Amino acid sequence: MARPRRGDILSLTVDDLAFGGEGVGRADGYVVFVRGGLPGDRLRVRLTEARSRFGRGVIESVEGPSPDRVEAPCPYFGRCGGCRLQHLAYPAQLRFKAKQVADCMARIGGMDAVPIRPIIGAPELFGYRNKMEFTVAAAPAAEGPIVGLHEADRYDRVLDIERCLIQSDVMNGLLAEARAFFAERKLPVYDQESGEGLLRFLMLREGKRTGEAMVNIVTAAPQLTELEPLAIRLRSRVSQTASVILNVNPKKASVAVGVEEHLLAGRDHIREALGGLVFQISANSFFQTNTLQAERLFALVEESTELRGGETLIDLYSGTGAITLLLARRCRWVYGIEVAQAAVDDAQRNAKANGIENCAFLAGEVRAVLPQLIGRGVRAEVVVADPPRAGFHPKALRALLTLGPGRIVYVSCNPATLARDLGELARGGYRIEWVQPLDMFPHTPHIEAVARLAKT
Ligand SMILES: C[S@@+](CC[C@H](N)C(=O)[O-])C[C@H]1O[C@@H](n2cnc3c(N)ncnc32)[C@H](O)[C@@H]1O
């Protein structure tokens, strides 16, 4: 067949899902990625991009649906960039994620024989998120600003979201109140080009176990008097509102983190209970965004460390210290290593609040701090690592091999870098005992996995 061209209509059957959740099909051997295509779908696809080895297309019509295709319950599905897999039945979402992990182990890590445990599904399929970040954007009509999420693959366009199914009714109530207030008061929206205007983001957080909610309004200027009435309104109308914060980000960078923070009402943090501990979470703190599934993840980590009480443990990439603090109860001493000073401060505060004294948090990059610890003569029987998507830096991995703990429990949010790092660790003298996929974010292509390693 001649190489297809942009605009061509092709008939194809989708046979797989790619890493980000796009369907992958072949028309006469030519590979086409189709957003919204599901394995088993027979589709007519219009090519929007035609490269020499593959193309991208959009669905013109579904000629025969996949047996796993379901009606997506969210009215924004297909346009919103959030939940890309809502139209795939949940058991099939789990099969896709488990297969991605197995494929990465074989293709990237060269480890076909590693046992992959059955994936652990999430206990809640909707309303599971404890944090959402909405962008405030100017609406074309004058009825008030858009408060919503970015459109799929369009970072320049924001979709107005009245109700999001992956957050709770309480958070949806807060979203509605804030939207109505912004419209009534005709508050100006920040304009990225000119740098003028006020409103930038609305971030909502909720302690799922405590019921405490936080509203964090991110603006370009500290206009407290304009927003104080919103804080009063939220406190009186949504009883769960425990904290209303104003974060000021006057910089061009489109991030929901401010350079200064003002308390508008309540406390400067909310609390969340997890694994028997209570964590204080402030507006800019990192905290796992699915509380119930994080509890299962951490229980699995705890069980996998097989702590007896006398060990020294190092928690690499410790964030706000959830794993460090949960494991401190089971061993002699824990070091947490984390690059973000703010997260280290939160971890120290949470250690104090929970009366945990057998831990120390060290701020810095793992590749620098871990060799320093080893140089000071510190040894550890067990290491837990929960790196960001990029996985280990090669120097950090070498330091881990030098430390040579008896057991490593590796928590990963990216199976590709997990497979790469496990391959290195296997070559460095570790046996990969098993890999356990786990679904933290139903309806999205995100994949979490835990691996347990033992020194051979
Ligand atoms: C997936 S999070 C870990 C979260 C943590 N387990 C928790 O529950 O709070 C990864 C963490 O690694 C930190 N990080 C990223 N690069 C790092 C580096 N080179 N050295 C140390 N920490 C790093 C990030 O700031 C982030 O807090």
Side-chain angles (χ1 to χ4, degrees), residues 129-131 205 207-209 255 257 269 271-282 284-302 304-305 313-329 334-351 353-354 356 359-374 382-400 403 408-418 420-421 438 440-441 444 446-451:
R129 280 194 71 100
N130 59 27
K131 177 185 170 193
R205 297 192 101 145
K208 293 281 178 188
R209 300 277 195 217
V255 290
V257 180
H269 64 270
R271 289 169 300 189
E272 178 65 302
L274 199 154
L277 300 179
V278 176
F279 293 87
Q280 293 185 15
I281 307 169
S282 44
N284 297 321
S285 296
F286 171 86
F287 196 76
Q288 293 280 344
T289 43
N290 181 342
T291 305
L292 266 60
Q293 191 68 332
E295 205 156 43
R296 289 180 171 191
L297 168 67
F298 294 156
L300 173 66
V301 170
E302 184 171 326
S304 312
T305 53
L313 184 144
I314 304 181
D315 180 16
L316 302 177
Y317 310 93
S318 53
T320 42
I323 293 177
T324 323
L325 299 179
L326 290 166
L327 298 183
R329 303 175 301 183
V334 194
Y335 293 94
I337 302 179
E338 162 62 42
V339 74
Q341 183 63 53
V344 168
D345 296 345
D346 280 334
Q348 281 163 343
R349 196 178 53 175
N350 281 319
N354 286 285
I356 295 172
C359 61
F361 292 96
L362 309 170
E365 295 212 38
V366 168
R367 64 175 148 145
V369 178
L370 186 55
Q372 284 163 14
L373 268 189
I374 297 169
V382 188
V383 162
V384 173
D386 184 6
R389 287 184 60 76
F392 271 74
H393 185 280
K395 283 189 185 155
L397 207 70
R398 275 201 295 279
L400 177 58
L403 180 74
I408 300 173
V409 179
Y410 188 139
V411 182
S412 162
C413 56
N414 182 350
T417 52
L418 172 70
R420 180 200 67 198
D421 292 346
L438 192 121
M440 300 294 286
F441 303 110
T444 74
H446 295 290
I447 305 172
E448 195 90 5
V450 177

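These numbers were taken from a predicted model, which means no experiment stands behind them. First listed ligand is number 1; within each ligand, the first listed atom is number 1.
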### Message
Quick test: of every protein heavy atom, which one is nearest to atom 14 (N) of ligand 1, and how far off is it to 0.1 Å?
### Response
Val339 CG1, 3.6 Å
### Query
Given that the side chain starts at C-beta and the backbone is N, CA, C, O, which of these parts of Ala294 lies under 4.0 Å from ligand 1, counting heavy atoms, or is it both or neither?
neither
### Task
Output, in order, the C-alpha distance, side-chain angles, deciding distance and verdict of side-chain hydrogen bond (donor to acceptor under 3.5 Å, both in side chains) for Asp315 and Thr324.
CA-CA 6 Å; Asp315 180 16; Thr324 323; 2.6 Å; yes
### Message
For Phe279 and Phe287, take the angle between the two ring planes, folded into 0 to 90°, and tell me which bin it lands in: parallel under 30, tilted 30 to 60, perpendicular over 60.
### Response
tilted
### Summary
Ranking Glu365, Gln288, Gln341 by closest non-hydrogen atom to atom 19 (N) of ligand 1, top hit is Glu365
### Query
What atoms of ligand 1 come closer than 4.0 angstrom to any heavy atom of Thr320?
9 (O)
### Query
How far is atom 16 (N) of ligand 1 from its nearest protein heavy atom, and which residue and atom is that?
Pro388 CG, 3.8 Å
### Query
For Asn284, does its backbone N or O pair with a side-chain atom of Ser282 as donor and acceptor, under 3.5 Å?
no
### Query
If you look only at pairs with a residue in residues 291-300, which of them pass as a side-chain hydrogen bond (donor to acceptor under 3.5 Å, both in side chains), with sequence neighbours excluded?
Asn130-Thr291, Arg209-Glu295, Glu272-Thr291
### Summary
Counting from 1 in the order shown, the ligand 1 atoms closer than 4.0 Å to a non-hydrogen atom of Val366 are 20 (N), 21 (C)
### Task
Any chance you could measure Arg367, atom CZ, to Leu370, atom CG, to the nearest 0.5 Å?
13.0 Å
### Query
At what distance is the nearest protein heavy atom to atom 4 (C) of ligand 1, and which residue and atom is it?
Phe286 CE2, 3.5 Å
### Query
Between CG of Leu297 and CG of Leu274, what distance do you get to the nearest 0.5 Å?
9.5 Å
### Query
Among protein heavy atoms, which sits nearest to atom 6 (N) of ligand 1, and what does the distance come to when rounded to 0.1 Å?
Asp386 OD2, 2.8 Å
### Task
Provide the number and element of each atom of ligand 1 under 4.0 Å from a heavy atom of Gly364.
20 (N), 21 (C)
### Message
Using the rule given for ring-ring contact (aromatic ring centres under 6.0 Å, His included), can you reason through Tyr317 versus Phe392, listing the C-alpha separation, both sets of side-chain angles and the distance that settles it, and then say yes or no?
### Response
CA-CA 10 Å; Tyr317 310 93; Phe392 271 74; 5.4 Å; yes
### Query
Measuring from Leu373:CG to Leu362:CG, what's the distance to the nearest 0.5 Å?
5.5 Å
### Task
Identify, by atom number and element, the atoms of ligand 1 in contact range of Phe298, meaning under 4.0 Å from any of its heavy atoms.
8 (O)
### Query
In the protein, what heavy atom is nearest to atom 13 (C) of ligand 1, and what distance, to one decimal place, separates them?
Glu338 OE1, 3.2 Å
### Message
Can you check which of Phe392, Phe279, Phe287, Tyr317 brings a heavy atom nearest to atom 12 (O) of ligand 1?
### Response
Tyr317
### Message
Please list, in number order, the atoms of ligand 1 under 4.0 Å from a heavy atom of Ser318.
### Response
5 (C), 7 (C), 9 (O)
#### Entry: Main-chain N/O of Val366 paired with Lys395 side-chain donor or acceptor, under 3.5 Å
no
